[in-house]
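One structure below.
Bear in mind that the values here come from a model prediction, so they are computed numbers and not experimental data. What's counted below: heavy atoms across the whole structure, side chains too, no hydrogens, waters or symmetry copies.
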Amino acid sequence: MDLPIIYHEDYVAPLPPDHRFPMAKFRMLYQMLLAEGVADQSQFHAPELPPQEWIELVHDHSYVQAYCNGTLDNKATRRIGLPWSRALANRTCIAVAGTVLTAKLALDYGLACNTAGGTHHAFPAFGSGFCIFNDLAIASRVLQKNGLVRKVLIVDLDVHQGDGTAVIFQEDSSVFTFSMHCEVNFPGTKQKGDLDVPLPVGMEDDEYLQTLDKFLPDLLSNVKPDLVLYDAGVDPHHGDKLGKLALTDTGLFRREMQVLTACLAGGYPVACVIGGGYSDDAKGLVYRHSLLHRAASQAYRQYRL
């Protein structure tokens, strides 16, 4: 079997035409992976809508109900930054299920990649920064509840701190949160995760990768996770509108290979989500996201998973 990749046609929901969230990228990523031979149709797995109980393992019942029913107040909706619609609520839930499925397939096959996910700014009682429900946290909780894993390591390399994830697991030693992010960037108020590595504006490839290498191998051997959840945001790229770091395409690909080989060489299964990425150049942005799946395909073959 080849690398399992997760996608659902409902990963795209309509937004106003001038909205800055690049919703179209999810379908474009799926199309690029097929068109460029990175993957074939047989590798794709589609999630089903999750039971509400999964989401409520992390999020408050009243918040989940209000969001899914479209009764969230205007202030809370503005904080999320996405206008509510039935299609977006459905998309939010199916993307969560996609990350849960990615995690389960990673346990079965050693490595799996979603084509969405990484909604790390969602807190238990509210959403923020384009994030409604925290898929990383929910996947961790679902797998723990089902007895599939005990210890989870979240490696968050999105350019923005995973503040929601940090708060959710602050008092929980069974999930270790590692976030390497631009120091002077959203969110304005950083939360305390298990390991936070703030990076200076303008950091380039080599220094970034050396910094990552300083922490990740030791983390893996100390935490000894049953599963690694990897948030591979491409917003550290120099062309990203919201990033402020200066990685190149080559630097991003090297990063993906560095993370995946460190995990797989140690025998740690990895479930990957694509995280953030923002650019007016849609094709360039989608290519950057596809670097994860290109690297994962290579690593999957290399380790004969």
Side-chain angles (χ1 to χ4, degrees), residues 1-11 26 29-30 33-34 38-51 53-55 57-58 93-119 134-156 165 174-176 216 219-221 223-232 256-275 289-305:
M1 174 159 167
D2 291 318
L3 172 75
I5 303 175
I6 291 73
Y7 174 75
H8 195 288
E9 60 182 9
D10 289 349
Y11 277 5
F26 304 105
L29 175 58
Y30 166 71
L33 295 176
L34 288 173
V38 180
D40 63 53
Q41 196 65 58
S42 67
Q43 291 174 244
F44 286 91
H45 302 253
E48 298 177 353
L49 272 173
E53 300 85 73
W54 285 10
I55 297 169
L57 290 171
V58 168
C93 294
I94 207 82
V96 163
T99 297
V100 174
L101 179 56
T102 305
K104 287 179 176 176
L105 288 168
L107 292 178
D108 289 340
Y109 297 101
L111 176 61
C113 291
N114 203 353
T115 51
T119 45
N134 194 310
D135 64 312
L136 298 162
I138 294 166
S140 301
R141 286 281 183 251
V142 170
L143 267 62
Q144 287 178 329
K145 188 171 190 295
N146 290 343
L148 298 173
V149 300
R150 290 185 180 177
K151 188 88 176 185
V152 176
L153 170 62
I154 295 177
V155 175
D156 190 339
T165 315
S174 73
V175 179
F176 192 102
L216 184 58
L219 256 186
L220 289 165
S221 55
V223 176
K224 296 183 174 59
D226 299 309
L227 175 69
V228 177
L229 285 173
Y230 174 38
D231 186 348
E256 315 309 28
M257 290 302 298
Q258 189 171 319
V259 171
L260 297 175
T261 54
C263 294
L264 297 176
Y268 303 107
V270 197
C272 308
V273 298
I274 69 168
H289 279 304
S290 79
L291 293 171
L292 170 67
H293 305 81
R294 296 171 198 268
S297 298
Q298 186 173 317
Y300 195 88
R301 290 191 296 269
Q302 183 181 332
Y303 286 88
R304 294 188 171 88
L305 296 174

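Listed by chain and number, the residues in a ring-ring contact (aromatic ring centres under 6.0 Å, His included) with Phe44 are Tyr30 (sequence neighbours excluded). Considering only residues two or more places apart in sequence or on other chains, Asn134 meets the side-chain hydrogen bond (donor to acceptor under 3.5 Å, both in side chains) condition with Thr165. Residues satisfying the side chain to side chain contact (heavy atoms under 4.5 Å, CB included) test with Thr119, not counting sequence neighbours, are Cys131, Asp135. Residues that satisfy the side-chain hydrogen bond (donor to acceptor under 3.5 Å, both in side chains) test with Asp226, not counting sequence neighbours, are absent from this structure. Partners of Asp231 under the side-chain hydrogen bond (donor to acceptor under 3.5 Å, both in side chains) rule, at least two apart in sequence or in another chain, do not exist in this structure. Under the rule for a side-chain hydrogen bond (donor to acceptor under 3.5 Å, both in side chains), the partners of Asp40 that lie at least two apart in sequence or sit in another chain are Ser42.
Applying the side chain to side chain donor-acceptor pair (under 3.5 Å) test to pairs two or more places apart or on separate chains, none has a residue in residues 296-305. Residue pairs meeting the side chain to side chain donor-acceptor pair (under 3.5 Å) criterion with at least one partner in residues 256-273, sequence neighbours excluded, are Tyr230-Glu256.
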Contacts table for residues 101-114: side-chain donor-acceptor under 3.5 angstrom, sequence neighbours left out:
from, atom 1, to, atom 2, distance (Å)
Thr102, OG1, Gly98, O, 2.6
Asn114, OD1, Tyr11, OH, 2.8
Asn114, ND2, Thr99, OG1, 3.1

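Residues Pro47 and Val100 fail the side-chain proximity criterion, which asks for heavy atoms closer than 4.5 Å. Put simply, the side chain of Leu264 reaches to within 4.5 Å of the side chain of Val270, judged on heavy atoms.
Judged by distance alone, the side chain of Gln43 and the main-chain N or O of Pro4 form no donor-acceptor pair under 3.5 Å.
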